Number of protein chains: 2
Amino acid sequence: MESSSAASGGSTRREATRQKLYEAAVTLIAEQGFSATTVDEIAERAGVAKGTVYYNFASKSVLFEELLRHGVGLLTASLREAAERTARDGGGKVDALDAMIRAGLVFIDRYPAFTQLYVAELWRTNRAWQSTLMVVRQEAVAVVEGVLREGVDNGEFSEEIDVPLTAAALVGMVLVAALDWKSFQPERSLDDVHAALSRLLQGRVSGCR
Amino acid sequence: MESSSAASGGSTRREATRQKLYEAAVTLIAEQGFSATTVDEIAERAGVAKGTVYYNFASKSVLFEELLRHGVGLLTASLREAAERTARDGGGKVDALDAMIRAGLVFIDRYPAFTQLYVAELWRTNRAWQSTLMVVRQEAVAVVEGVLREGVDNGEFSEEIDVPLTAAALVGMVLVAALDWKSFQPERSLDDVHAALSRLLQGRVSGCR
DNA sequence: GTTTTTGCACTGACCAGTCAGTTCAAATTC
DNA sequence: GAATTTGAACTGACTGGTCAGTGCAAAAAC
(Lines give C-alpha, C1' and ligand atoms only; values in the text may rest on other atoms or scores of the structure.)
Protein backbone atom coordinates (compact mmCIF):
# COMPACT_ATOMS: atom_id res chain seq x y z
CA MET A 1 0.00 0.00 0.00
CA GLU A 2 2.71 2.51 0.99
CA SER A 3 0.19 5.20 1.79
CA SER A 4 2.07 8.41 1.27
CA SER A 5 4.83 7.64 -1.14
CA ALA A 6 8.24 8.45 0.31
CA ALA A 7 9.19 12.14 0.10
CA SER A 8 10.04 12.85 3.71
CA GLY A 9 7.29 13.85 6.13
CA GLY A 10 4.80 11.06 5.75
CA SER A 11 1.12 11.95 5.69
CA THR A 12 0.99 15.09 7.75
CA ARG A 13 -2.19 14.39 9.65
CA ARG A 14 -1.00 11.10 10.99
CA GLU A 15 2.36 12.55 11.86
CA ALA A 16 0.65 15.34 13.79
CA THR A 17 -1.39 12.98 15.96
CA ARG A 18 1.66 10.84 16.58
CA GLN A 19 3.50 13.94 17.72
CA LYS A 20 0.66 14.87 20.06
CA LEU A 21 0.74 11.37 21.47
CA TYR A 22 4.49 11.51 22.01
CA GLU A 23 4.17 14.77 23.87
CA ALA A 24 1.36 13.52 26.05
CA ALA A 25 3.12 10.24 26.78
CA VAL A 26 6.49 11.75 27.57
CA THR A 27 5.32 13.97 30.40
CA LEU A 28 2.97 11.41 31.88
CA ILE A 29 5.56 8.64 31.82
CA ALA A 30 8.25 10.94 33.18
CA GLU A 31 6.02 11.82 36.10
CA GLN A 32 4.58 8.43 36.89
CA GLY A 33 6.57 5.79 35.11
CA PHE A 34 5.53 3.55 32.25
CA SER A 35 3.36 1.06 34.11
CA ALA A 36 1.57 3.65 36.20
CA THR A 37 0.57 5.58 33.10
CA THR A 38 -2.59 4.37 31.39
CA VAL A 39 -3.38 4.50 27.72
CA ASP A 40 -6.60 6.33 28.57
CA GLU A 41 -4.61 9.08 30.26
CA ILE A 42 -2.29 9.44 27.30
CA ALA A 43 -5.21 9.67 24.89
CA GLU A 44 -7.00 12.17 27.06
CA ARG A 45 -3.99 14.45 27.46
CA ALA A 46 -3.33 14.28 23.73
CA GLY A 47 -6.96 15.20 23.14
CA VAL A 48 -7.56 12.09 21.09
CA ALA A 49 -9.73 9.00 21.31
CA LYS A 50 -8.28 5.82 22.71
CA GLY A 51 -8.91 4.03 19.44
CA THR A 52 -6.60 6.51 17.74
CA VAL A 53 -3.71 5.44 19.92
CA TYR A 54 -4.15 1.90 18.67
CA TYR A 55 -4.67 3.04 15.14
CA ASN A 56 -1.27 4.73 15.27
CA PHE A 57 0.72 2.35 17.46
CA ALA A 58 0.54 -1.39 17.80
CA SER A 59 0.62 -1.25 21.59
CA LYS A 60 1.51 0.86 24.59
CA SER A 61 5.07 -0.52 24.63
CA VAL A 62 5.55 0.16 20.95
CA LEU A 63 4.43 3.76 21.44
CA PHE A 64 7.00 4.03 24.19
CA GLU A 65 9.77 2.43 22.17
CA GLU A 66 9.22 4.76 19.26
CA LEU A 67 9.17 7.66 21.65
CA LEU A 68 12.58 6.60 22.96
CA ARG A 69 14.01 6.29 19.49
CA HIS A 70 12.58 9.65 18.50
CA GLY A 71 13.97 11.47 21.55
CA VAL A 72 17.44 10.00 21.56
CA GLY A 73 17.62 10.66 17.84
CA LEU A 74 17.21 14.36 18.54
CA LEU A 75 19.87 14.28 21.24
CA THR A 76 22.39 12.39 19.14
CA ALA A 77 21.93 14.74 16.22
CA SER A 78 22.43 17.72 18.47
CA LEU A 79 25.62 16.33 20.05
CA ARG A 80 27.05 15.43 16.68
CA GLU A 81 26.25 18.86 15.33
CA ALA A 82 27.99 20.53 18.28
CA ALA A 83 31.13 18.46 17.81
CA GLU A 84 31.25 19.13 14.08
CA ARG A 85 30.66 22.83 14.49
CA THR A 86 33.67 23.27 16.78
CA ALA A 87 35.78 21.19 14.42
CA ARG A 88 34.80 23.46 11.52
CA ASP A 89 35.61 26.51 13.61
CA GLY A 90 39.08 25.15 14.26
CA GLY A 91 38.50 24.46 17.95
CA GLY A 92 40.28 21.66 19.81
CA LYS A 93 38.73 18.61 21.38
CA VAL A 94 38.29 20.38 24.70
CA ASP A 95 36.15 22.90 22.88
CA ALA A 96 34.22 20.07 21.32
CA LEU A 97 33.54 18.53 24.73
CA ASP A 98 32.52 21.89 26.06
CA ALA A 99 30.16 22.45 23.15
CA MET A 100 28.67 19.03 23.69
CA ILE A 101 28.11 19.79 27.34
CA ARG A 102 26.22 22.86 26.27
CA ALA A 103 24.27 20.93 23.67
CA GLY A 104 23.34 18.41 26.36
CA LEU A 105 22.16 21.18 28.65
CA VAL A 106 20.13 22.81 25.88
CA PHE A 107 18.51 19.48 25.14
CA ILE A 108 17.64 18.81 28.76
CA ASP A 109 16.39 22.35 29.11
CA ARG A 110 14.03 21.82 26.20
CA TYR A 111 13.01 18.24 26.93
CA PRO A 112 13.34 17.71 30.67
CA ALA A 113 10.60 15.12 30.79
CA PHE A 114 12.19 12.99 28.14
CA THR A 115 15.54 13.11 29.89
CA GLN A 116 13.99 12.07 33.13
CA LEU A 117 12.19 9.16 31.59
CA TYR A 118 15.31 8.06 29.77
CA VAL A 119 17.40 8.04 32.93
CA ALA A 120 14.72 6.15 34.76
CA GLU A 121 14.68 3.37 32.19
CA LEU A 122 18.29 3.19 31.12
CA TRP A 123 19.66 0.72 33.61
CA ARG A 124 16.63 -1.45 34.05
CA THR A 125 16.71 -5.03 32.94
CA ASN A 126 13.95 -7.42 31.96
CA ARG A 127 11.90 -4.85 30.14
CA ALA A 128 10.41 -5.21 26.70
CA TRP A 129 12.25 -2.27 25.16
CA GLN A 130 15.64 -3.22 26.66
CA SER A 131 17.33 -3.83 23.34
CA THR A 132 15.99 -0.65 21.73
CA LEU A 133 17.36 1.25 24.67
CA MET A 134 20.81 -0.28 24.32
CA VAL A 135 21.10 0.58 20.68
CA VAL A 136 19.93 4.09 21.18
CA ARG A 137 22.17 4.67 24.20
CA GLN A 138 25.19 3.47 22.33
CA GLU A 139 24.53 5.90 19.50
CA ALA A 140 24.58 8.82 21.89
CA VAL A 141 27.54 7.75 24.01
CA ALA A 142 29.52 6.89 20.89
CA VAL A 143 29.57 10.55 19.90
CA VAL A 144 31.28 11.47 23.17
CA GLU A 145 33.62 8.50 22.96
CA GLY A 146 34.55 9.52 19.43
CA VAL A 147 35.65 12.97 20.51
CA LEU A 148 37.61 11.58 23.44
CA ARG A 149 39.36 9.06 21.22
CA GLU A 150 40.30 11.70 18.67
CA GLY A 151 41.62 13.85 21.49
CA VAL A 152 43.82 11.02 22.72
CA ASP A 153 45.05 10.33 19.20
CA ASN A 154 46.05 13.91 18.52
CA GLY A 155 47.73 14.22 21.91
CA GLU A 156 45.27 16.68 23.37
CA PHE A 157 44.17 14.25 26.07
CA SER A 158 46.30 11.99 28.23
CA GLU A 159 46.77 8.52 26.80
CA GLU A 160 45.94 7.10 30.18
CA ILE A 161 42.28 7.97 30.06
CA ASP A 162 39.73 5.24 29.82
CA VAL A 163 37.56 6.32 26.93
CA PRO A 164 34.27 4.48 27.59
CA LEU A 165 34.35 5.12 31.31
CA THR A 166 35.27 8.76 30.99
CA ALA A 167 32.52 9.21 28.42
CA ALA A 168 30.00 7.67 30.79
CA ALA A 169 31.23 9.86 33.63
CA LEU A 170 30.93 13.01 31.53
CA VAL A 171 27.44 12.11 30.42
CA GLY A 172 26.54 11.43 34.03
CA MET A 173 27.98 14.71 35.17
CA VAL A 174 25.86 16.68 32.72
CA LEU A 175 22.77 14.54 33.19
CA VAL A 176 22.62 14.69 36.95
CA ALA A 177 23.69 18.31 37.21
CA ALA A 178 21.04 19.30 34.69
CA LEU A 179 18.27 17.28 36.28
CA ASP A 180 19.13 18.81 39.62
CA TRP A 181 19.13 22.23 38.05
CA LYS A 182 15.68 21.71 36.55
CA SER A 183 14.28 20.11 39.68
CA PHE A 184 15.76 22.18 42.45
CA GLN A 185 16.98 25.52 41.14
CA PRO A 186 15.12 26.10 37.88
CA GLU A 187 15.61 29.85 38.14
CA ARG A 188 19.29 29.62 37.24
CA SER A 189 20.40 30.34 33.72
CA LEU A 190 21.80 27.80 31.32
CA ASP A 191 25.01 29.82 31.01
CA ASP A 192 25.48 29.65 34.72
CA VAL A 193 25.14 25.89 34.83
CA HIS A 194 27.33 25.54 31.79
CA ALA A 195 30.07 27.62 33.40
CA ALA A 196 30.05 25.46 36.52
CA LEU A 197 30.36 22.26 34.52
CA SER A 198 33.07 23.71 32.28
CA ARG A 199 35.07 24.57 35.34
CA LEU A 200 34.75 21.03 36.62
CA LEU A 201 35.69 19.56 33.24
CA GLN A 202 38.84 21.60 33.02
CA GLY A 203 39.94 20.71 36.53
CA ARG A 204 39.71 24.23 37.76
CA VAL A 205 38.00 23.07 40.93
CA SER A 206 40.77 21.13 42.55
CA GLY A 207 44.27 20.57 41.36
CA CYS A 208 45.81 23.11 39.01
CA ARG A 209 44.45 26.60 38.59
CA MET B 1 3.26 -10.51 77.41
CA GLU B 2 6.12 -8.77 75.60
CA SER B 3 7.33 -11.93 74.00
CA SER B 4 10.99 -11.07 73.53
CA SER B 5 11.48 -8.33 76.07
CA ALA B 6 12.87 -5.07 74.71
CA ALA B 7 16.67 -5.16 74.61
CA SER B 8 17.33 -3.36 71.31
CA GLY B 9 16.82 -5.31 68.13
CA GLY B 10 13.11 -5.81 68.37
CA SER B 11 11.76 -9.30 67.86
CA THR B 12 14.39 -10.94 65.71
CA ARG B 13 11.97 -12.95 63.62
CA ARG B 14 10.13 -9.90 62.41
CA GLU B 15 13.33 -8.08 61.57
CA ALA B 16 14.53 -11.07 59.60
CA THR B 17 11.40 -11.21 57.44
CA ARG B 18 11.53 -7.49 56.85
CA GLN B 19 15.10 -7.88 55.69
CA LYS B 20 14.09 -10.68 53.34
CA LEU B 21 11.32 -8.51 51.97
CA TYR B 22 13.71 -5.60 51.40
CA GLU B 23 16.08 -7.82 49.52
CA ALA B 24 13.35 -9.31 47.37
CA ALA B 25 11.77 -5.93 46.67
CA VAL B 26 14.97 -4.13 45.81
CA THR B 27 15.98 -6.40 42.97
CA LEU B 28 12.50 -6.76 41.55
CA ILE B 29 11.80 -3.04 41.60
CA ALA B 30 15.21 -2.25 40.17
CA GLU B 31 14.54 -4.60 37.30
CA GLN B 32 10.95 -3.76 36.57
CA GLY B 33 10.04 -0.56 38.32
CA PHE B 34 7.68 -0.04 41.23
CA SER B 35 4.36 -0.31 39.46
CA ALA B 36 5.33 -3.28 37.35
CA THR B 37 6.38 -5.23 40.42
CA THR B 38 3.57 -7.06 42.19
CA VAL B 39 3.31 -7.73 45.87
CA ASP B 40 2.83 -11.39 45.02
CA GLU B 41 6.20 -11.44 43.28
CA ILE B 42 7.91 -9.80 46.22
CA ALA B 43 6.36 -12.24 48.63
CA GLU B 44 7.24 -15.20 46.47
CA ARG B 45 10.87 -14.17 46.04
CA ALA B 46 11.15 -13.54 49.77
CA GLY B 47 9.72 -17.00 50.38
CA VAL B 48 6.86 -15.63 52.41
CA ALA B 49 3.08 -15.41 52.08
CA LYS B 50 1.46 -12.30 50.71
CA GLY B 51 -0.26 -11.65 54.00
CA THR B 52 3.11 -11.39 55.68
CA VAL B 53 4.00 -8.42 53.52
CA TYR B 54 0.93 -6.64 54.82
CA TYR B 55 1.58 -7.79 58.34
CA ASN B 56 4.98 -6.08 58.20
CA PHE B 57 4.22 -3.05 56.06
CA ALA B 58 1.11 -0.93 55.79
CA SER B 59 1.17 -0.99 51.99
CA LYS B 60 3.32 -1.59 48.96
CA SER B 61 4.36 2.09 48.90
CA VAL B 62 5.28 2.07 52.56
CA LEU B 63 7.47 -0.96 52.03
CA PHE B 64 9.17 0.92 49.24
CA GLU B 65 9.57 4.11 51.24
CA GLU B 66 11.16 2.29 54.14
CA LEU B 67 13.42 0.52 51.70
CA LEU B 68 14.56 3.89 50.34
CA ARG B 69 15.24 5.25 53.79
CA HIS B 70 17.13 2.12 54.75
CA GLY B 71 19.33 2.16 51.66
CA VAL B 72 20.18 5.83 51.56
CA GLY B 73 20.94 5.65 55.26
CA LEU B 74 23.67 3.14 54.50
CA LEU B 75 25.09 5.31 51.73
CA THR B 76 25.10 8.49 53.76
CA ALA B 77 26.83 6.80 56.66
CA SER B 78 29.46 5.43 54.36
CA LEU B 79 30.15 8.79 52.69
CA ARG B 80 30.37 10.54 56.02
CA GLU B 81 32.72 7.91 57.34
CA ALA B 82 34.99 8.29 54.31
CA ALA B 83 35.16 12.06 54.71
CA GLU B 84 35.89 11.83 58.42
CA ARG B 85 38.53 9.18 57.96
CA THR B 86 40.59 11.31 55.56
CA ALA B 87 40.21 14.30 57.89
CA ARG B 88 41.58 12.21 60.77
CA ASP B 89 44.47 11.04 58.61
CA GLY B 90 45.37 14.64 57.87
CA GLY B 91 44.32 14.50 54.22
CA GLY B 92 43.07 17.55 52.37
CA LYS B 93 39.63 18.06 50.89
CA VAL B 94 40.68 16.59 47.56
CA ASP B 95 41.55 13.42 49.40
CA ALA B 96 38.17 13.57 51.08
CA LEU B 97 36.41 13.84 47.72
CA ASP B 98 38.49 11.03 46.36
CA ALA B 99 37.67 8.85 49.35
CA MET B 100 33.99 9.64 48.91
CA ILE B 101 34.15 8.67 45.26
CA ARG B 102 35.58 5.36 46.35
CA ALA B 103 32.96 4.96 49.05
CA GLY B 104 30.30 5.62 46.45
CA LEU B 105 31.77 3.01 44.15
CA VAL B 106 31.99 0.47 46.94
CA PHE B 107 28.36 1.10 47.79
CA ILE B 108 27.21 0.74 44.22
CA ASP B 109 29.33 -2.35 43.84
CA ARG B 110 27.62 -3.89 46.82
CA TYR B 111 24.09 -2.65 46.19
CA PRO B 112 23.74 -2.13 42.45
CA ALA B 113 20.03 -2.83 42.44
CA PHE B 114 19.33 -0.25 45.09
CA THR B 115 21.32 2.37 43.25
CA GLN B 116 19.49 1.66 40.05
CA LEU B 117 16.12 1.98 41.68
CA TYR B 118 17.12 5.17 43.43
CA VAL B 119 18.23 6.82 40.22
CA ALA B 120 15.08 5.72 38.46
CA GLU B 121 12.86 7.35 41.08
CA LEU B 122 14.85 10.41 42.07
CA TRP B 123 13.56 12.92 39.57
CA ARG B 124 10.02 11.72 39.27
CA THR B 125 7.23 13.91 40.43
CA ASN B 126 3.69 13.11 41.53
CA ARG B 127 4.61 10.00 43.38
CA ALA B 128 3.60 9.06 46.88
CA TRP B 129 7.11 8.83 48.29
CA GLN B 130 8.28 12.10 46.72
CA SER B 131 8.88 13.87 50.00
CA THR B 132 10.70 10.95 51.57
CA LEU B 133 12.96 10.89 48.58
CA MET B 134 13.77 14.58 48.83
CA VAL B 135 14.73 14.34 52.47
CA VAL B 136 16.87 11.34 51.93
CA ARG B 137 18.54 12.77 48.83
CA GLN B 138 19.41 15.95 50.64
CA GLU B 139 21.08 14.03 53.45
CA ALA B 140 23.40 12.32 51.01
CA VAL B 141 24.18 15.32 48.81
CA ALA B 142 24.75 17.47 51.89
CA VAL B 143 27.78 15.39 52.80
CA VAL B 144 29.41 16.18 49.47
CA GLU B 145 28.40 19.82 49.65
CA GLY B 146 29.87 20.04 53.12
CA VAL B 147 33.28 18.89 51.96
CA LEU B 148 33.22 21.25 48.99
CA ARG B 149 32.28 24.17 51.18
CA GLU B 150 35.04 23.43 53.66
CA GLY B 151 37.46 23.20 50.77
CA VAL B 152 36.41 26.61 49.51
CA ASP B 153 36.69 28.07 53.01
CA ASN B 154 40.18 26.80 53.57
CA GLY B 155 41.31 27.92 50.12
CA GLU B 156 41.83 24.47 48.71
CA PHE B 157 39.12 24.94 46.08
CA SER B 158 38.45 27.94 43.91
CA GLU B 159 35.98 30.40 45.37
CA GLU B 160 34.22 30.49 42.05
CA ILE B 161 32.80 27.01 42.26
CA ASP B 162 29.11 26.55 42.64
CA VAL B 163 28.80 24.22 45.58
CA PRO B 164 25.38 22.62 45.07
CA LEU B 165 25.81 22.26 41.34
CA THR B 166 29.31 20.86 41.57
CA ALA B 167 28.14 18.43 44.23
CA ALA B 168 25.34 17.24 41.97
CA ALA B 169 27.73 16.91 39.05
CA LEU B 170 30.19 14.87 41.10
CA VAL B 171 27.46 12.59 42.36
CA GLY B 172 26.26 12.18 38.78
CA MET B 173 29.71 11.40 37.54
CA VAL B 174 30.15 8.59 40.03
CA LEU B 175 26.60 7.33 39.70
CA VAL B 176 26.51 7.06 35.95
CA ALA B 177 30.05 5.79 35.58
CA ALA B 178 29.39 3.13 38.18
CA LEU B 179 26.08 2.02 36.72
CA ASP B 180 27.72 1.77 33.33
CA TRP B 181 30.54 -0.19 34.82
CA LYS B 182 28.15 -2.68 36.44
CA SER B 183 25.92 -2.91 33.38
CA PHE B 184 28.36 -2.97 30.52
CA GLN B 185 31.81 -3.92 31.73
CA PRO B 186 31.32 -5.71 35.04
CA GLU B 187 34.62 -7.54 34.72
CA ARG B 188 36.63 -4.39 35.49
CA SER B 189 38.00 -3.86 38.98
CA LEU B 190 36.82 -1.21 41.36
CA ASP B 191 40.36 0.21 41.53
CA ASP B 192 40.37 0.63 37.81
CA VAL B 193 37.13 2.56 37.78
CA HIS B 194 38.22 4.59 40.76
CA ALA B 195 41.45 5.56 39.03
CA ALA B 196 39.59 6.76 35.94
CA LEU B 197 37.25 8.92 37.98
CA SER B 198 40.09 10.29 40.11
CA ARG B 199 41.84 11.37 36.98
CA LEU B 200 38.75 13.16 35.76
CA LEU B 201 38.21 14.84 39.14
CA GLN B 202 41.72 16.19 39.19
CA GLY B 203 41.53 17.54 35.67
CA ARG B 204 44.20 15.26 34.39
CA VAL B 205 42.15 14.51 31.30
CA SER B 206 42.16 17.85 29.62
CA GLY B 207 43.89 21.04 30.66
CA CYS B 208 46.92 20.74 32.92
CA ARG B 209 48.84 17.53 33.37
C1' DG C 1 -13.73 7.04 -1.97
C1' DT C 2 -9.95 6.35 1.06
C1' DT C 3 -7.64 7.30 5.22
C1' DT C 4 -8.01 8.63 9.69
C1' DT C 5 -10.43 9.55 13.78
C1' DT C 6 -14.22 9.00 17.05
C1' DG C 7 -16.96 7.09 20.75
C1' DC C 8 -18.07 3.63 23.48
C1' DA C 9 -19.28 -0.78 25.11
C1' DC C 10 -16.99 -4.93 26.28
C1' DT C 11 -13.66 -8.60 27.89
C1' DG C 12 -10.40 -10.99 30.40
C1' DA C 13 -6.32 -10.80 32.90
C1' DC C 14 -4.20 -9.03 36.67
C1' DC C 15 -3.45 -7.14 41.22
C1' DA C 16 -3.56 -4.39 45.86
C1' DG C 17 -5.35 -5.14 49.87
C1' DT C 18 -8.39 -8.03 53.30
C1' DC C 19 -9.52 -11.34 56.68
C1' DA C 20 -10.69 -15.65 58.94
C1' DG C 21 -7.98 -19.07 60.28
C1' DT C 22 -3.29 -21.61 61.48
C1' DT C 23 1.28 -22.15 63.60
C1' DC C 24 4.45 -22.25 67.17
C1' DA C 25 7.53 -20.76 70.76
C1' DA C 26 7.54 -18.74 74.98
C1' DA C 27 5.01 -17.89 79.28
C1' DT C 28 2.05 -19.63 82.76
C1' DT C 29 -0.14 -22.90 85.55
C1' DC C 30 -0.53 -27.04 88.12
C1' DG D 1 8.20 -31.13 83.70
C1' DA D 2 3.77 -31.95 81.47
C1' DA D 3 -0.38 -29.55 80.15
C1' DT D 4 -2.37 -25.38 78.89
C1' DT D 5 -2.70 -20.63 77.39
C1' DT D 6 -1.34 -16.67 74.94
C1' DG D 7 -0.38 -13.74 71.14
C1' DA D 8 2.71 -12.34 67.65
C1' DA D 9 3.73 -13.92 63.20
C1' DC D 10 2.23 -15.89 59.28
C1' DT D 11 -0.92 -17.93 55.63
C1' DG D 12 -3.51 -17.97 51.21
C1' DA D 13 -8.09 -17.88 49.16
C1' DC D 14 -10.95 -14.21 48.03
C1' DT D 15 -12.82 -9.49 46.53
C1' DG D 16 -13.43 -5.31 44.18
C1' DG D 17 -11.44 -2.55 41.14
C1' DT D 18 -8.43 -1.31 37.27
C1' DC D 19 -6.66 -1.44 32.79
C1' DA D 20 -4.67 -3.03 28.12
C1' DG D 21 -6.50 -4.13 24.27
C1' DT D 22 -10.74 -5.19 20.95
C1' DG D 23 -14.62 -4.38 17.78
C1' DC D 24 -17.18 -1.71 15.09
C1' DA D 25 -20.38 1.60 13.03
C1' DA D 26 -20.55 6.22 12.06
C1' DA D 27 -18.36 10.71 11.30
C1' DA D 28 -14.74 13.72 9.65
C1' DA D 29 -10.86 14.91 7.02
C1' DC D 30 -8.34 14.80 2.95
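Because the structure is predicted, anything quoted here is derived from the model rather than measured. Below, chain A is the first sequence line, B the second, and so on; all start at residue 1.
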Main chain of [Y], side chain of [X]: is a donor-acceptor contact present, judged purely on distance under 3.5 Å?
X       : Y       : value
R199(A) : E160(B) : yes
R45(B)  : A25(B)  : no
T166(A) : V163(A) : no
T27(B)  : A24(B)  : yes
E23(B)  : A46(B)  : no

Quick one: on DNA chain D, does V48(B) or S35(A) contact a more 5' nucleotide (nearest heavy atom)? V48(B)
With DNA chain D as reference, determine whether F34(A) or G51(A) sits nearer its 5' end, using the nearest nucleotide of each. F34(A)
Between [atom2] on [N] and [atom1] on [X], what's the gap in Å once rounded to a whole number?
X      : N       : atom1 : atom2 : value
I42(B) : dG12(D) : CD1   : C1'   : 17 Å
E44(B) : dC15(C) : CD    : P     : 12 Å
D40(A) : dT11(C) : CG    : C1'   : 14 Å
L21(B) : dC10(D) : CG    : C1'   : 11 Å
E15(A) : dT3(C)  : CD    : C1'   : 15 Å

Taking only heavy atoms on the protein side, list every residue of residues 52-71 of chain B lying under 4.0 Å from any atom of DNA chain D, sorted numerically. T52(B), Y55(B), N56(B)
Contact class for T37(A) vs. all strands (heavy atom < 4.0 Å): base, sugar-phosphate, or nothing? sugar-phosphate
Indicate, yes or no, whether a donor-acceptor pair under 3.5 Å links the base of dG21(D) to the side chain of K50(A). yes
Nucleotide nearest T38(A) when distance is taken to its side chain, options dT11(D), dA9(D), dC19(D): dC19(D)
Residues 111-121 of chain B side chain polar contacts: donor-acceptor under 3.5 Å, at least two apart:
from, atom 1, to, atom 2, distance (Å)
T115(B), OG1, Y111(B), O, 3.0
Q116(B), NE2, W123(A), O, 2.9
Q116(B), NE2, A30(B), O, 2.8
E121(B), OE1, W129(B), NE1, 3.4

Do you see a donor-acceptor pair shorter than 3.5 Å between the side chains of E139(A) and T76(A)? no
Does the side chain of T17(A) get closer than 4.0 angstrom to OP1 or OP2 of dT5(C) through an N or O atom? yes
